[in-house]
Amino acid sequence: TAAPPVGYVGPVSLALRLPVGSVDVAIAVCADAATRWLDWTSAAPRLSQVKSMQTFAHDCKARAQLAAGTLAHLEHALGADAGRELARVDAGPIDLADRGGALNAAATANWDEAGTSSLHQES
């Protein structure tokens, strides 16, 4: 998988510089971006389970690359400690970085539970 272009942070990323006191403008721009995102996701066609899992795996890799780029940028801009902390908050919950592993673990647990359930039902 090719790395995203330098400076790329995502398809709906916003980079604004507003004068102090422009909170209403910032709120309107963010609301517009959220509406575009929701409209796009609502219009997306349903995927098969296999295609959905492939898309999910690709998304995990892309998120990891973007998180690494964000970390480097924020550490450079704010210093190691503050940059690392803000990057951690920006990346979200830890499971976003390893959803593939979490998905596999959940599937294994579900399989084990289903197998155990069916064994108990047969006896």
Side-chain angles (χ1 to χ4, degrees):
T1 304
V6 174
Y8 179 77
V9 293
V12 292
S13 173
L14 298 174
L16 302 172
R17 288 189 180 207
L18 300 171
V20 174
S22 300
V23 174
D24 291 338
V25 173
I27 290 170
V29 169
C30 289
D32 182 59
T35 299
R36 283 195 315 274
W37 173 257
L38 292 171
D39 289 347
W40 178 77
T41 57
S42 296
R46 286 246 182 236
L47 301 176
S48 69
Q49 183 177 2
V50 169
K51 184 64 178 169
S52 181
M53 290 178 73
Q54 290 171 338
T55 302
F56 180 72
H58 181 273
D59 182 59
C60 289
K61 290 176 185 176
R63 285 176 186 263
Q65 288 181 338
L66 293 171
T70 299
L71 173 62
H73 171 74
L74 291 174
E75 283 183 335
H76 177 74
L78 304 173
D81 291 339
R84 191 175 308 111
E85 179 64 15
L86 186 55
R88 184 188 65 76
V89 171
D90 179 66
I94 295 278
D95 70 334
L96 290 181
D98 184 27
R99 285 185 179 239
L103 184 62
N104 289 338
T108 300
N110 288 340
W111 177 264
D112 289 344
E113 288 175 17
T116 302
S117 300
S118 60
L119 287 174
H120 289 302
Q121 291 174 358
E122 290 174 13
S123 49

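Values below: all heavy atoms of this structure, side chains included; hydrogens, waters and symmetry mates excluded.
Closest of all the heavy-atom pairs between L71 and G83 is CD1-O, 4.4 Å.
Residues W40 and L38 share a single hydrophobic cluster, defined by chaining ILVMFWY side chains whose heavy atoms lie under 4.5 Å apart.
Residues L74 and R84 form no side-chain contact, since every pair of their non-hydrogen atoms from C-beta on lies 4.5 Å or further apart. Between V89 and E85, some side-chain heavy-atom pair lies under the 4.5 Å cut-off.
If you take NE2 on H73 and OG1 on T70, they are separated by 8.0 Å, rounding to the nearest 0.5 Å.
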